[in-house]
Engineer: 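To start, I am sharing the structure in question, which I have written as structure tokens.
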Amino acid sequence: MKDRFDYILQALAGLLILFMVVSIFYLYVAVGRTWDLVAEALFSERVAQAIIVSVSSSTLVGLIAVAAVVPTAYVLTYKEFRFKGLLETLLIEFPQTFPPATVGLVYLLMLGPGSPINIAYTYPAILISKLYVATPFAMSFTIRRFREIHRSGLDTIARTLGCGTRHLLLWILLPLSVKDLAAGFSLTWARAMGEVAGTLIFAGAIPGLTETIPAVVLTSSSTPQVALAVSVIAAFLSIGALLFFKWIARER
Amino acid sequence: MMTELRIEEVTKRYGEVIALDRVSLNVQSEEFLVVMGPSGCGKTTLLLILLGVLKADSGHIYLDRNLIDNVSVENRNFGYVPQDFGLFPHMTAHDNIAFGLRVRNLPKADVERRVGELLSLVELQGMEQRRPAELSGGQRQRVALARAMAIQPSLLLLDEPLSNVDEATKSEIREKLKETVKRAGVTTICVLHDPGDALTLGDRIAVMYAGKILQIGTVQSLLEKPENEIVTRLLASHLFRWDERI
């Protein structure tokens, strides 16, 4: 007997899949016969520099995020305190909904020209604004895994065997979380690659110093071919990197 | 190693529910004591309090006359084998057994010697490089037992050691378990719900029901003189498989 509801679900799934895939790949259709422009843009100094700034800052942000979320996930898993739920919301969900432009503005006021420490329009400014927006991805993966391990009771067994916190972290929590840390890193990296508003406000778009790939797209809207070309490069980089990270995680 | 455990009037509440109601218990050195009762009777709570994972609301626990209420889990030196054996999935059988010794920073040669002794005690020579996923239920249990005994625990706590073992090999595993523990001479508390297993394994049995210990005694004394109706029914249940209907 044909299950009609099964077909309906497949058709509905198809709609979303089509929407998501077309949204990315229309870019390549739009480029059409202007592939020579893409090549030209790729070999221009400005774009090459933007790629270096984007990839290096996103990789650094991913590494800093993974290192920083480990102690935080430990505390949120093992310590009980008041307003823990609220703190978690502030660390995980809130940064994902807070407009990145506002984040940039906050940092500009806090660490900009008017404050004792002025790092506005520098490379560290990119790292800071990306870190705030992208860390929650690493955070949610790590905390979920630590809690899973805690529920399994493996940490209790380790403790009965005389294991202190240092060995618990190094021998149990981290080795059992490798895949989740890798997944957290790759999503953090991807989010950091795409972040633009906060970075633009706090770090600006100084070619060769603070101009990232999405900043090039945004600032070259008067020459759509360049914007399009850079977008193709950005999409290609991100998809390639994400597939690579997934492959690494599966190999482990 | 001579170790005696005394549990004195231990009470634990979860909100309105009393999980343990003034439980008192003495465990002699090298004794194999079984705490038997239906699920939900408080035996797991008792185990967690002994381990130091849970804190009792009142009452005390003494080990060789020393109060240990405030000794942390890692400093109690109690071996623990949970129901699912709790082997570290990312480590080989060898590394699981060596875990407690490495935590103690023992020299490598000592770790190897001790792990070798334990592997032969639980008859798992040749299996040391296998991961938990590559071992059978019975083998996993033996690795967990060896791991718990590696630290020369003052007390060994076993939580339903036979629940994850298939019926066909159960009686053999039961015999091996008791023999191994006896040979190591370690004081043991074993929590069980099945009266058949309890009667075979325990030197003495503490019958527990609704947070209370109803009677403690040898198999013979329990069977000959059960103190009340519930004890009789709990002990008889294995004959009729009533288990959870009490």
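Only heavy atoms go into these numbers, but all of them, side chains included; no hydrogens, no water, no symmetry mates. Order of the sequence lines fixes the chain letters, A, B, ..., with proteins taken first and strands second; residue numbering starts at 1 for each chain.
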Engineer: Assess the residue pair A:I157 and B:F88 against the criterion (side-chain contact (heavy atoms from CB on, under 4.5 Å)); give the C-alpha distance rounded to whole Å, side-chain angles, the decisive distance to 0.1 Å, and a yes or no.
Structural biologist: CA-CA 9 Å; A:I157 295 160; B:F88 304 130; 4.2 Å; yes
Engineer: Kindly check if the number of other-residue, nucleotide or ligand heavy atoms within 6.0 Å of CZ (B:R13) is above 12?
Structural biologist: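 Check fails, neighbour count at 12 or below.
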Engineer: Using a cut-off of under 4.5 Å on heavy-atom pairs, state which of A:S152, A:G153, A:G164, A:A158 scores highest against chain B.
Structural biologist: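 Going by pairs under 4.5 Å, I would pick A:A158.
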Engineer: For residues A:W171 and B:R102, report the shortest heavy-atom separation together with the two atoms involved.
Structural biologist: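 Where A:W171 meets B:R102 most closely, the heavy atoms are CH2-CB, 3.7 Å.
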Engineer: Side chain, backbone, both or neither: which part of B:V73 has an atom under 4.5 Å from a heavy atom of chain A?
Structural biologist: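 For B:V73, heavy atoms of backbone and side chain both lie under 4.5 Å from chain A.
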Engineer: Take atom CZ in A:R4; do more than 12 heavy atoms of anything else shown fall under 6.0 Å from it?
Structural biologist: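 No - once you tally the heavy atoms of other residues, nucleotides and ligands closer than 6.0 Å, there are 12 at most.
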Engineer: Take atom OH of A:Y78 as the centre, draw a 6.0 Å sphere, and report whether it contains more than 12 heavy atoms from other residues, nucleotides or ligands.
Structural biologist: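 Count over threshold, so yes.
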Engineer: What's the separation between atom CG in B:N105 and atom NE2 in A:H167, rounded to the nearest 0.5 Å?
Structural biologist: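 The NE2 atom of A:H167 is 6.0 Å from CG of B:N105, to the nearest 0.5 Å.
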Engineer: Evaluate whether atom CZ of A:F81 has more than 12 neighbouring non-hydrogen atoms of other residues, nucleotides or ligands under 6.0 angstrom away.
Structural biologist: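 For A:F81, atom CZ is crowded (more than 12 foreign heavy atoms under 6.0 Å).
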Engineer: Output the distance between atom CD1 (B:I151) and atom OG1 (A:T160), rounded to the nearest 0.5 Å.
Structural biologist: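 Nearest 0.5 Å value for the CD1-OG1 distance: 6.0 Å.
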Engineer: What part of B:F99 gets closer than 4.5 Å to chain A, counting heavy atoms only: side chain, backbone, both or neither?
Structural biologist: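 For B:F99, heavy atoms of backbone and side chain both lie under 4.5 Å from chain A.
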Engineer: Are there over 12 heavy-atom neighbours, none belonging to B:Y14, within less than 6.0 Å of that residue's OH?
Structural biologist: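 Yes.
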Engineer: Between B:L157 and chain A, with a heavy-atom cut-off of 4.5 Å, which part of the residue counts as in contact: side chain, backbone, both or neither?
Structural biologist: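 For B:L157, there is no contact with chain A at all, as no heavy atom is under 4.5 Å.
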Engineer: What distance separates A:L161 CG from B:N77 CG, expressed to the nearest 0.5 Å?
Structural biologist: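 Going from the CG atom of A:L161 to the CG atom of B:N77 covers 9.5 Å.
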Engineer: Measure the CD-OG1 distance between B:E74 and A:T165 for me, rounded to the nearest 0.5 Å.
Structural biologist: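 Those atoms lie 6.5 Å apart.
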Engineer: Is any side-chain heavy atom of B:V103 less than 4.5 Å from a side-chain heavy atom of A:R159?
Structural biologist: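 Counting from C-beta outward, B:V103 and A:R159 never come under 4.5 Å.
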Engineer: So how far is it from A:L176 CG to B:M91 CE, rounded to the nearest 0.5 Å?
Structural biologist: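 Rounded to the nearest 0.5 Å, the CG-CE separation comes out at 7.5 Å.
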Engineer: List for me each residue that meets salt bridge (Lys or Arg N to Asp or Glu O under 4.0 Å) alongside B:E128, sequence neighbours excluded, and say none if there are none.
Structural biologist: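 Salt bridge (Lys or Arg N to Asp or Glu O under 4.0 Å) list for B:E128, sorted by chain: empty.
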Engineer: Does A:L12 CG have over 12 foreign heavy atoms under 6.0 Å away?
Structural biologist: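 Atom CG in A:L12 is packed in, count exceeds 12.
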Engineer: Which answer fits B:R76, side chain, backbone, both or neither, if we ask what part of it has an atom under 4.5 Å from a heavy atom of chain A?
Structural biologist: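 Contact with chain A is absent: no heavy atom of B:R76 under 4.5 Å.
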Engineer: What is the distance from atom SG of A:C163 to atom CZ of B:R104, rounded to the nearest 0.5 Å?
Structural biologist: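 Those atoms lie 10.0 Å apart.
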Engineer: How far apart are the closest heavy atoms of B:P89 and A:L154, and which atoms are they?
Structural biologist: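 Result for this residue pair: CD-CD1, 3.8 Å.
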